[in-house]
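Worksheet: one structure, shown below.
Proteins get letters first, then strands, A, B, ... in listed order; numbering begins at 1 in each.
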Number of protein chains: 2
Amino acid sequence: MTTATQTLKDEEELGLVFSALGNPTRRSIVSRLSVGPATVSTLAKPFAMTLPAVSKHIALLEHAGLIHLEKRGRSRLCTLRAEAIIEAEAWLESCRVYWTDTLDSLAQHLEDPDDNPQEAGS
Amino acid sequence: MTTATQTLKDEEELGLVFSALGNPTRRSIVSRLSVGPATVSTLAKPFAMTLPAVSKHIALLEHAGLIHLEKRGRSRLCTLRAEAIIEAEAWLESCRVYWTDTLDSLAQHLEDPDDNPQEAGS
DNA sequence: GGTTAAGTTAACTAAATGGTTAACTGTCAT
DNA sequence: ATGACAGTTAACCATTTAGTTAACTTAACC
């Protein structure tokens, strides 16, 4: 029954995941990592910014749970964490569920007269 | 053949969509709208913040293409735009494609010796 | 032990975000 | 026409974000 706590934590992480993906540099890094693991400096190469900047992006991605960092000698190997992506997808999917039978559910969700688009329509 | 331009525009909108969903208030609004359309003030009710604050969140959601605003007398009806959500889902899905056959593709993507996690492993 | 390579941390800056209050624009009702 | 209702705009403020440069740690190399 740790579901409630778990849900709160997930909700918070979900925000971190979405914010992380809001940045083009980070999205690009995630795309790159979806092909396979890479080190920090390899990930940094394509970008016209300093290493500390990329390093911070990577730290943020890790904090969001989107990637995993593993020490490998003097370099760090970054790996994409499928779970985070799947969670984000699941949330988006949960928004889809409803509007598939929107025509039916609309009729049941008309508690608030202000929000009834059909009231003035028909 | 407007694909290239379209892709750039989509990439930009994708960032707006993900950033928008990074905020818990906005995520909550989107969740609510997935059940059915609602007016601005109805959407604002659950939140412990002023109307202008919610109004700005809604404007941002519209700018991101996540919702559509329709004037209805003196109120505005907000409707979720499926396309935006589907685009975001599609991007996440595109990250998944690769790691399903990661074991195979890894062997083919080992251009960079620094990034080869198996090199030191075996 | 000294140097180089990989990366992080610290201190700083400019711009964006998320909120506030106050004033404004329309629309509906009387 | 007046007034209340729905919502936006403007001006402001505190915090966060995304980047910089400079200094530091740690591991590899000779």
Side-chain angles (χ1 to χ4, degrees), chain A residues 12-13 15-30 32-33 37-64 66-79 112-117 119-120, chain B residues 12-13 15-30 32-33 37-64 66-79 112-117 119-120:
Chain A
E12 196 181 325
E13 193 182 89
L16 294 177
V17 168
F18 280 130
S19 314
L21 296 178
N23 180 282
T25 302
R26 264 155 359 219
R27 227 158 40 243
S28 182
I29 289 175
V30 167
R32 165 62 184 81
L33 288 179
T39 63
V40 170
S41 29
T42 303
L43 289 174
K45 269 173 205 162
F47 301 106
M49 70 180 71
T50 60
L51 195 59
V54 176
S55 184
K56 285 209 275 181
H57 281 302
I58 288 174
L60 198 150
L61 285 169
E62 190 192 23
H63 182 237
L66 269 163
I67 68 175
H68 172 248
L69 273 175
E70 182 192 355
K71 281 159 249 169
R72 270 198 161 274
R74 61 179 155 177
S75 57
R76 267 105 174 121
L77 194 70
C78 306
T79 318
D112 198 329
D114 290 344
D115 298 347
N116 183 356
E119 189 138 89
Chain B
E12 198 183 323
E13 193 183 89
L16 294 177
V17 168
F18 280 130
S19 314
L21 296 178
N23 180 282
T25 302
R26 265 157 358 220
R27 227 160 39 244
S28 181
I29 289 175
V30 167
R32 167 59 184 82
L33 288 179
T39 65
V40 171
S41 29
T42 302
L43 288 173
K45 268 174 204 160
F47 301 107
M49 70 181 70
T50 60
L51 195 59
V54 176
S55 184
K56 285 208 276 182
H57 281 303
I58 288 175
L60 199 149
L61 285 170
E62 189 191 24
H63 182 235
L66 269 163
I67 68 175
H68 172 248
L69 273 175
E70 181 192 355
K71 281 158 247 167
R72 271 198 161 276
R74 60 180 153 177
S75 58
R76 266 105 175 122
L77 194 70
C78 306
T79 318
D112 199 328
D114 291 344
D115 299 345
N116 183 357
E119 190 138 86

### Task
Could you say whether Val40(B) or Gly73(A) is positioned toward the 5' end of DNA chain D, judged by the nucleotide with the nearest heavy atom to each?
Val40(B)
Return the value, rounded to whole Å, for the distance between atom [atom1] of [X] and atom [atom2] of [N].
X        : N       : atom1 : atom2 : answer
Leu51(A) : dG19(D) : CG    : C1'   : 13 Å
Leu69(B) : dA6(D)  : CG    : P     : 16 Å
Phe47(B) : dG19(C) : CZ    : P     : 10 Å
His63(A) : dT17(D) : NE2   : C1'   : 15 Å
Lys45(B) : dC5(D)  : NZ    : C1'   : 12 Å
Ile58(A) : dG19(D) : CD1   : P     : 13 Å
Lys71(A) : dT26(D) : NZ    : P     : 11 Å
Arg72(A) : dT8(C)  : CZ    : C1'   : 20 Å

### Query
Is there a side-chain contact between Val40(B) and Ser75(B), using heavy atoms and a 4.5 Å cut-off?
no
### Task
Could you tell me whether the side chain of Leu21(B) reaches within less than 4.5 Å of the side chain of Leu21(A), counting heavy atoms only?
no
### Task
Heavy atoms only: give me the nearest Phe47(B)-Ser28(B) pair and the separation to one decimal.
CZ-OG, 3.5 Å
Of the nucleotides [options], which has the atom closest to the [X] side chain?
X        : options                  : result
Arg74(B) : dT8(C), dT27(C), dT8(D)  : dT27(C)
Arg76(A) : dT8(C), dG19(C), dG19(D) : dT8(C)
Thr50(B) : dT20(C), dT8(C), dG18(C) : dT20(C)

OP1, OP2 of [N] versus side-chain N and O of [X]: anything below 4.0 Å?
X        : N       : answer
Asn23(B) : dT17(C) : no
Arg26(A) : dA18(D) : yes
His57(A) : dT17(D) : no

### Query
Arg76(A): what forms a salt bridge (charged side-chain N to carboxylate O under 4.0 Å, His left out) with it, not counting sequence neighbours?
none
### Query
Are any side-chain N or O atoms of Ser19(A) and backbone N or O atoms of Gly15(A), one a donor and one an acceptor, separated by less than 3.5 Å?
yes
